[in-house]
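First comes the structure, then the notes that go with it.
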Protein chains: 2
Amino acid sequence: MEPNIAYIGNLIGDTARSKMLIALMSGKALTATELSLEADITPQTASSHLMQLIKGDLLVVRKQGRHKYFQLKNSQVAELIEQMLNISAALTSATIPTGPKNERLKNARICYDHLAGELGVNLLDALLDKGLLTENVIELNLTEKGQDFFTEIGVDFNTLNNHRRPICKACLDWSERRSHLAGSLGKWILNDAINRGWATQDLDSRALQFSAQGLSAFKKRYGM
Amino acid sequence: MEPNIAYIGNLIGDTARSKMLIALMSGKALTATELSLEADITPQTASSHLMQLIKGDLLVVRKQGRHKYFQLKNSQVAELIEQMLNISAALTSATIPTGPKNERLKNARICYDHLAGELGVNLLDALLDKGLLTENVIELNLTEKGQDFFTEIGVDFNTLNNHRRPICKACLDWSERRSHLAGSLGKWILNDAINRGWATQDLDSRALQFSAQGLSAFKKRYGM
DNA sequence: TTGATGCTTCGATGGCGATCGAACTGTTAA
DNA sequence: TTAACAGTTCGATCGCCATCGAAGCATCAA
């Protein structure tokens, strides 16, 4: 029997559920109430939707006290959402409204666990320019020079290699329509920037807020 | 404004529409009537669904006389469907029914424009073994040796390079759960096999039928 | 011109599922 | 213990949309 893609499509195909999934693309684990606010529905309705998303293996849940924290199940699910964002961005591209909130999203945001938006695209450009990565149309590879560079600034490739995820992966950016860096290295770079206090995540969205010093430190580090 | 992924999800989320989309993963252009048969619905209903898929930019249509030929819009759409097949295959993996028809699908089938199934996975293994391609977790790259090999058997890399598509791309096989070769080189290999008469496509499905001689010629050529 | 075929439009029907109010369970804090 | 909060279950409602019959419009083959 063929896999049932209609089932998955239907899960994503509801407005409320899709809003929740997009909110979870921030990588943060959100509670049921938070998600109900994101989706503009009552907690009862949200509860029903969340059950379905769990059953459909798109989300996982962790219970903590009287809260339930929901997350995307894995990076495969995140990639699916990202791919759909891309395809549907092409549809609505005729109208690109730019409010202040959307502006921040465009500048820098989190795409599941790595950096996206204008800054993410520029980062990848800089890494390619400096010869730390090579690009083969859609595929990215770390050069020896890149391996040295990242080892020096603290990346432990033994740990990164252990996972099934690729180290480097190109992820098509839906706002920029160009690639940015995903994969475990992309995740490391984002974590590093947050740990150093260069950037903080917006409480209510995927937008990433760089401080003035943080931004210049980030740019200097990666030669942008 | 965020792109509307619910819209795309909803399009794929209907049983009839998803059957049509999967049928079109064969890469063939199918008529409205053929698609209505695939989806087990009347032509009227199919017509309505097809309009929606066109409007949603998932399909394109070519009119030829009194027939209308439908195709997936581009390889991005095909990749989306493939990813959904993978995710939903993980769900239904508990039950893997194997009829004779499914057996043929498992052996060799067409995935949009390249070879998939057991034979596709074995092909990639052989190419890696012979050092024609290198694999970096999920990324594939052509070696010099590979470039020479494929040039010799008739690949014109100037033509392949012109397109925006990557030459080599790993595509996760939903029946084998391992990678097979996609990208423009994957397309070339499939076309070549069909042009040489080694394989013919089933009229009513994505299954690929190799003749005995064709199969041995194919295996010999790629050192399998 | 006639009949057959491919596809579409229209209208009526029916069912599924999203939604929320009300009431319930479980957890935290005082 | 009590009150507030987080999340759920149940039931009723309501709207949307997939479906198909009937009729219509093109195209083809004589």
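The sequence lines fix the lettering, A, B, ..., with proteins before strands; numbering per chain opens at 1.
Side-chain N or O atoms of A:Asn86 include one that pairs as donor or acceptor with a backbone N or O of A:Glu82 at under 3.5 Å.
Direction change of the helix axis from one end of the helix from C:dT1-D:dA30 to C:dA30-D:dT1 to the other is 30°, with five pairs defining each end axis (rounded to 10°).
Using a 4.0 Å heavy-atom criterion, one finds that B:Ala16 contacts the sugar-phosphate atoms exclusively. Among the protein residues, B:Thr31 comes within range of the sugar-phosphate backbone only, with heavy atoms under 4.0 Å from sugar or phosphate atoms but none that close to a base.
Shown for residues 51-61 of chain B: no residue has heavy atoms falling under 4.0 angstrom of DNA chain C.
For the side chain to side chain donor-acceptor pair (under 3.5 Å) test, residues two or more places apart in sequence or in another chain that qualify with A:Arg196 are A:Asp192. Scanning for salt bridge (charged side-chain N to carboxylate O under 4.0 Å, His left out) contacts around B:Lys19 gives B:Asp40, with sequence neighbours left out. Residues satisfying the salt bridge (charged side-chain N to carboxylate O under 4.0 Å, His left out) criterion with B:Arg17, sequence neighbours excluded, are absent altogether. For the salt bridge (charged side-chain N to carboxylate O under 4.0 Å, His left out) test, residues two or more places apart in sequence or in another chain that qualify with B:Asp113 are B:Arg165. A:Thr42 is linked by a side chain to side chain donor-acceptor pair (under 3.5 Å) to A:Gln44, A:Thr45, counting only residues two or more places apart in sequence or in another chain. Shown here are the side chain to side chain donor-acceptor pair (under 3.5 Å) partners of A:Ser26, two or more places apart in sequence or in another chain: there are none. Evaluation of the side chain to side chain donor-acceptor pair (under 3.5 Å) rule for B:Gln83 yields no partner, not counting sequence neighbours.
Separation of atoms CD1 (B:Ile189) and CZ (B:Arg221) is listed at 9.0 Å; rounding is to 0.5 Å. How far CG of B:Leu58 is from CG of B:Leu50: 11.5 Å, rounded to the nearest 0.5 Å.
Applying the salt bridge (Lys or Arg N to Asp or Glu O under 4.0 Å) test to every pair with at least one member in residues 45-65 of chain A, sequence neighbours left out, gives these pairs: A:Asp57-A:Lys73.
Atom-to-atom, CG of B:Asn10 to P of D:dC17 comes out at 7 Å; the value is rounded to the nearest Å. In this structure, A:His49 places its NE2 atom 15 Å from C1' of D:dT8, rounding to the nearest Å. Between the CD1 atom of B:Ile12 and the P atom of D:dA18 there is a distance of 14 Å, given to the nearest Å.
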Sugar-phosphate atoms are those with a prime plus P, OP1 and OP2; base atoms are the rest. Using that split, label each nucleotide of nucleotides 21-30 of chain D B, S or - for protein heavy atoms under 4.0 Å, 5' to 3'.
BB----BS--

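B:Tyr222 and B:Phe150 have tilted rings, their planes meeting at an angle from 30° to 60° on a 0 to 90° scale.
Between B:His180 and the choices B:Glu118, B:His114, B:Lys169, the side chain to side chain donor-acceptor pair (under 3.5 Å) rule is met once, by B:His114.
The nucleotide range of DNA chain C contacted by chain A, defined by atoms under 4.0 angstrom from heavy atoms of the protein and reported 5' to 3', is C:dA18 to C:dT28.
Comparing A:Asp40 and B:Leu50, the nucleotide of DNA chain C nearest to each residue sits closer to the 5' end for B:Leu50. Along DNA chain C, the nucleotide closest to B:Phe70 and the one closest to A:Ile41 are compared, and the more 5′ of them pairs with B:Phe70.
In terms of phosphate contacts, A:Ser47 brings a side-chain nitrogen or oxygen within less than 4.0 Å of OP1 or OP2 of D:dT8.
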